Amino acid sequence: MLEYEEKWIEAWKKDRVFEADRDVSREKLFVNAPFPYMNGPLHIGHAFTYTRLDAYARYRRMKGNNVLFPFAWHWTGEAVAGQSVRLKKGDPAVIKAFVEIDGIPPEELEKFTSPYNLAEYYTRVSREALYKLGLSIDWRREFFTTSYNKGFSKFIEWQYLKLKEKNFVVKGSHPVVWCPSDQSPTGDHDRLEGEGVSPEEFYLVFFKMDEYFLAAATFRPETIYGATNVWILPEGEYVKAKIDNIKLVISRESLTKFIEQERNVKIIETFYGKELIGKECVVPLAGHKIPILPASFIDPAYGTGIVYSVPAHAPYDWLALRDLQMASTEKLKEIAAKIKPISIIKVEGFGEYPAIEIVEQMGIKDQNDKQAEKATEIIYSKEFHTGVMKENCGILSGMPVREAKNKVIETLIQQGLGDKIYDLPQIVRCRCGTRCIVKILRDQWFLNYSNPEWKDRVRQHVKTMKILPEEARAWIYATVDWLNNWPCTRKTGMGTPLPWDKEWIVETLSDSTIYMAYYIVSKYVNSGEIESEQMTKEFFDYVFLGEGKIEEVSKKTGIDVNILKNVREDFLYWYPVDLRNSAKELIPNHLTFFIFHHVAIFPKEMWPKGISVNGMITIEGKKMSKSKGIFTTISKEIRKYGADVVRAALIYGAEGMDDPDWNENIAKLMEQKIASLFEFVNEIREISSYREKDFPEKLLLAEVKNMILLVEKNLEQMKTKTAFQIAFFDIPNVIKRYLRQVSVPEKDTIEEVLEYWIKVMAPFIPFTCEEIWHLIGRQEYISLEKWPALKVSEEDSRVLFEYKLIEKLLEDVKEIKKLTKTEPKTLYIYVAAQELTKTFLKYVAYIEEGLTTKEAVKKIYEEIPKNLIGSVPQLIKLATTLEKNLLNEVRKIEDFDEYQVYDKSKEYLEKETGMKIRIYYSDEQDKYDPKNKAKNALPLKPALFLE
RNA sequence: GCAGGGGUUGCCAAGCCAGGUCAAAGGCGCAGGGCUUAGAACCCUGUCCCGUAGGGGUUCGUGGGUUCAAAUCCCACCCCCUGCACCA
């Protein structure tokens, strides 16, 4: 961290530069970012998101907006608490992370067995880091979440009562991956095996056998008419049990599933699978009898440990059948030999028996061959999407497979011949090693995101929002569509108890949806003007919704009427949120929830106006990972490089949804560039010559103005990288070019440009710009200066246009010189005859009026002076190849005289080329043209001769 | 699998939505030159191929198509990244 950075932090703090209060004379802008979760110090990725937002906030502040950028801390959830618990247990990984990565002194570890102390510690160091990063935050509104903050809890209680009132919070049950040993849900990160696996619905089909039903599990109930036998594992344990009101046979291991999925289970008898082999059962709906046979691919823990066999369409079934026919006891062989696959699905690309065909094609050996899995997938997908049920399928005949599936399961359940149960499609093991099952959690509270009206209102609003980059909008829509009911409460961790059911705590993604409104209130809580106990339902109803009479609310809450009035007016002034910036990973959850809840609770005019997202940082090209040590904190990098270097390196890393990379090279580069800024500025300041502004000065101003407008345009779109590139690289490049061009720079111009330049860099590297600003003798804070209000005038555009012509000419000269490898002394320029240019412009106009090329050509042949007639073909070609911009510029200028352009800049041209310049019109009589070049002259492209 | 994003010249990365301004910005790297006692920094020039007159050729994941014209539009395919719910 640099000395001057420390100085400005203190100065900004002392003079309350970024504290924003209601001021109706100025247009407000309310920006924020999701509060960070306080289970660790802020990392460099946080800095990226915040710096981008800060650059925007600073820019808009300079543009004259009253900008509010508040900040807070998220403590809610299980992670902080979990870490404390693991610390208490002495988990070496946690201790290592605390000490080595987070920099906690070992002797202080003890006190972090309290989650409060832990969160409080991280909050303290994080606040410090953000100060140092130079974020233009109004810290008076800071708060943290959970019941440790009474006021915030009051707010969440109000929010959830409101949601409940409107029926957006509902009670329900839902399936989770569950560890029977830990007695808790097993999230992805808690798994030894089976990452990404989630509960899926299996269908149970009941095959009658005596007074019991064999409950076969399947994903493909529509294949029931093709069943030829049932498979069981001979050495597997099975039970006869009464489940709810039906007597079923299932594997012993699958029993827990039924129990955890809220079924009433009574075991009647346990036995081994082999006892059933050779018996028969009845295929539901179809009615025919089929045998029960052994198969080794059966996993008793998967489904019910019973499946029915459809050898025509299921590769595994065909393989098992084939295995059985080949090697087994005589009796089984006999039974197996009698079984003929039944073809029931017509699918393009396959014949009668798709399963048999694919097994042969892929050369699959037996049911234990790994390839069988793949074959199953191929057949399933093909049949499901394009298959049609054949005529032998009873009620399903003629239906597309996808419809048949729903129809059959509906019918089976209706007739008591089927059921649904959740299971895991792959093995999932908890960290403790136990195999997980699916459990139905009862009495859980849900945010009713599946409510179609709610969704629709959200969609309608998203349509009107500013979403940056635009590509993110599709993702938000997709999320709104996909979102289902969200379990919004937990039993463990920190947070606010659900007001009407206090054993539940509002979970972390659900207590962070409208808290931006609380920033308005927290200022008064922090100053002591309002006590948390005073924040009753009436208070929030009044402040946020304008409900109730102020006097009554005042009486009820004990809050002074004036204070109430101020809070309410503050809210009306600052709300809604104008821009919320975050990493893109929050789109599928937080950012979408944020919209949902605003739509649910607030009146329309308070719904958020804009969202912007950015990529996720990598470190030296690798994905960030604390456990792998690919991790660095904001404080560490600031200590190493200084705040502006960190800001610049991050901003220059990426924009849009691209992922920036944090690496030493870019930091080092920025370090050098920022250091040399001071030298450059000093160099410029030594200039002390005043004189008439000439072409180079006008050009410089025009270019800089143009670039500043581009910076604005890009910043408005949160294209912070592009904006920074222009401000930080492109502008100094044109200044340098100017200094090279003129023998004596002009002081007024250079000072004006310098002022603009420092200002437009200020949003990105505020410390450095503040320092330079004062070095050049300014007294005010650049952070509060007015952004240059500029407009590119007609003269400016003309200057830019003329310069473009000159540049083109110089390029041509350079190329000719390069090719001829000569050192010519004189440059002869033959400007296209004015008549030629006029004809050219006429031609362009004709085409524009809608004439065909042929007609237009004919007309200009009639109009052009005879001596220029030879140039017509090139003119036509030029019309299609000339830059549109240039063309438009020429057309804007009345009586455009190209000769003047070069003549005016003769001195500059001579300086750049080192040659004497002679200029002629191409149709001039007395011109020097030994190589007869003049005839090649075209509008905006003079012919040249070097000698 | 579903959803979202992406594949550009040595590297990073603009451009693509609104086709011609594109051999394609900028940065890095590399080469040459300047500054300097020397180096670093800084500044300038060059950086797809060919060409002794401003030209030509071949490039933007792969293969097709539309068009006078495609990095940009359409179709198919391949590859990469991210998210997918009781983690935050």
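Note that the coordinates shown come from a computational prediction; the quantities given were computed from them, not determined experimentally. Letters A, B, ... are given to chains in the order of the sequence lines, protein chains preceding strands, and every chain is numbered from 1.
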- Message: What's the gap between B:C30 and B:C60 when it is taken at their C1' atoms, as a whole Å value?
- Response: 22 Å

- Can we call the ring centroids of A:Tyr449 and A:Phe596 under 6.0 Å apart? yes

- Task: Return yes if a side-chain donor-acceptor contact under 3.5 Å exists between A:Ser510 and A:Glu507, otherwise no.
- Result: yes

- Message: Applying the Watson-Crick and G-U wobble criteria at under 3.5 Å, what pairs with B:A3? Answer none if nothing qualifies.
- Response: B:U82

- Note on the structure: As its Watson-Crick or G-U partner within any shown strand, both distances under 3.5 Å, B:U36 has none

- Query: Which nucleotide in the set B:G4, B:A88, B:A13 lies at the smallest distance from any side-chain heavy atom of A:Asp658?
  - Reply: B:A13

- Message: Checking contacts here: which listed nucleotide (B:C84, B:G54, B:G6) is nearest the side-chain heavy atoms of A:Trp482?
- Response: B:C84

- Item | Check: A:Tyr515 ring centroid to A:Phe35 ring centroid under 6.0 Å | yes

- Message: At 4.0 Å (heavy atoms only), tell me whether A:Ala472 reaches a base, stays on the sugar-phosphate, or touches nothing.
- Response: nothing

- Task: Whole angstrom is fine here: how far is it from CG in A:Asn663 over to C1' in B:C11?
- Result: 12 Å

- For the ring pair A:Trp757 and A:Phe680, is the centre-to-centre distance below 6.0 Å? yes

- Message: Just the rounded figure in Å: distance from P of B:G15 to CD of A:Glu470.
- Response: 14 Å

- Task: Do nucleotides 38-44 of chain B as a string where each nucleotide becomes B, S or -: B if the base has a protein heavy atom under 4.0 Å, S if just the sugar-phosphate does, - if no protein is that close.
- Result: ---SSSS

- Give the nucleotide from the list B:G55, B:G4, B:A88 with an atom nearest to the side chain of A:Ala478. B:G4

- Query: B:C17 and B:A3: how far apart are their P atoms, nearest whole angstrom?
  - Reply: 25 Å

- Task: Taking only Lys NZ, Arg NE, NH1 and NH2, and the carboxylate oxygens of Asp or Glu, determine whether A:Asp481 and A:Arg459 approach each other closer than 4.0 Å.
- Result: yes

- Query: How do A:Gln725 and A:Lys933 order along RNA chain B: which one's closest nucleotide is nearer the 5' end?
  - Reply: A:Gln725

- Within the structure shown, what part of the strands sits under 4.0 Å from A:Glu78 by heavy-atom distance: base, sugar-phosphate, or nothing? sugar-phosphate

- Item | A:Lys814 side chain near B:G46 phosphate (N/O to OP1/OP2, under 4.0 Å) | yes

- Query: Which part of the nucleic acid does A:Lys817 contact within heavy-atom distance under 4.0 Å: base, sugar-phosphate only, or nothing?
  - Reply: nothing

- Heavy atoms under 4.0 Å, any strand shown: does A:Lys721 hit a base, just sugar-phosphate, or nothing? sugar-phosphate

- Message: Taking the P atom in each of B:C22 and B:A13, what is the distance between them to the nearest angstrom?
- Response: 23 Å

- Whole-Å distance between B:C28 P and A:Glu664 CD? 16 Å

- Query: Which listed nucleotide (B:G54, B:A85, B:U82) is nearest to the side chain of A:Lys941?
  - Reply: B:G54

- Task: Give one of base, sugar-phosphate or nothing for A:Glu471, where a contact means two heavy atoms less than 4.0 Å apart.
- Result: sugar-phosphate

- Query: What is the distance from CD of A:Glu585 to C1' of B:C81, rounded to the nearest Å?
  - Reply: 14 Å

- Query: Could you state the CG-P distance from A:Asp659 to B:G4, rounded to the nearest angstrom?
  - Reply: 18 Å

- What is the ring orientation for A:Tyr928 with A:Tyr828, classed by angle as parallel under 30°, tilted 30 to 60°, or perpendicular over 60°? tilted

- Message: Over all strands shown, is A:Phe680 touching base, sugar-phosphate only, or nothing at heavy-atom distances under 4.0 angstrom?
- Response: nothing

- Query: Just checking A:Lys808: base, sugar-phosphate only, or nothing, at a heavy-atom cut-off of under 4.0 Å?
  - Reply: nothing

- So, is A:Lys804 close to the B:U21 phosphate, meaning a side-chain N or O under 4.0 Å from OP1 or OP2? no

- Query: Roughly, in whole Å, what's the span from CG in A:Leu483 to C1' in B:C2?
  - Reply: 15 Å

- Check whether any side-chain N or O of A:Arg52 sits under 3.5 Å from a backbone N or O of A:Glu655 as a donor-acceptor pair, and report yes or no. no

- Message: Say we look at B:C74 and B:G7: how far apart would their P atoms be, to the nearest angstrom?
- Response: 15 Å

- Answer for the Watson-Crick or wobble partner of B:G54, both distances under 3.5 Å, is none

- Task: Give one of base, sugar-phosphate or nothing for A:Lys931, where a contact means two heavy atoms less than 4.0 Å apart.
- Result: nothing

- Message: In this structure, how many angstroms lie between the C1' atom of B:C11 and the CD atom of A:Glu620, rounded?
- Response: 14 Å

- Task: State whether the number of non-hydrogen atoms from other residues, nucleotides or ligands found under 6.0 Å of A:Lys931 atom NZ is greater than 12.
- Result: no

- Task: For A:Pro487, answer base if it contacts any base atom (sugar-phosphate contacts may also be present), sugar-phosphate if it contacts only those atoms, and nothing otherwise; contact means non-hydrogen atoms under 4.0 Å.
- Result: base

- Task: Indicate yes or no: does A:Asp659 engage A:Lys623 in a salt bridge with an N to O separation below 4.0 Å.
- Result: no

- Query: How are the rings of A:Tyr641 and A:Trp662 set relative to one another: parallel (under 30°), tilted (30 to 60°) or perpendicular (over 60°)?
  - Reply: perpendicular

- Query: Taking the nucleotide of RNA chain B with the closest heavy atom to each, which residue, A:Pro942 or A:Asn665, is nearer the 5' end?
  - Reply: A:Asn665

- In whole angstrom, give me the gap between the C1' atoms of B:C12 and B:G6. 15 Å

- Pair assignment for B:G26, Watson-Crick or G-U wobble, requiring both distances under 3.5 Å: B:C12

- Message: Can you tell me if A:Arg473 touches the phosphate of B:G5, counting only side-chain N or O atoms and a distance under 4.0 Å to OP1 or OP2?
- Response: no

- Message: Can you see if the side chain of A:Lys719 gets near the phosphate of B:G15 - specifically, an N or O under 4.0 Å from OP1 or OP2?
- Response: yes

- Pick the P atom in B:A38 and in B:G33, then give their distance to the nearest Å. 14 Å

- Message: For B:A88, does the base pair up with any side-chain atom of A:Asn589 as donor and acceptor (N or O, under 3.5 Å, distance only)?
- Response: yes

- Looking at B:G26, B:G54, B:A85, which one has an atom nearest to any side-chain atom of A:Trp486? B:A85

- Query: Can you tell me how far P in B:G4 sits from the matching atom in B:U58, rounded to whole Å?
  - Reply: 38 Å

- Message: Rounding to an integer number of angstrom, what distance separates B:G19 and B:A69 when you compare their P atoms?
- Response: 16 Å

- Go through B:G51, B:A85, B:A53 for me and flag the one nearest to the A:Glu815 side chain. B:G51

- Message: Rounded to whole Å, how long is the line connecting atom CG of A:Leu591 with atom C1' of B:G83?
- Response: 13 Å

- Indicate the ring-plane relationship of A:Phe202 and A:Phe219, choosing parallel, tilted or perpendicular according to the 30° and 60° boundaries. tilted

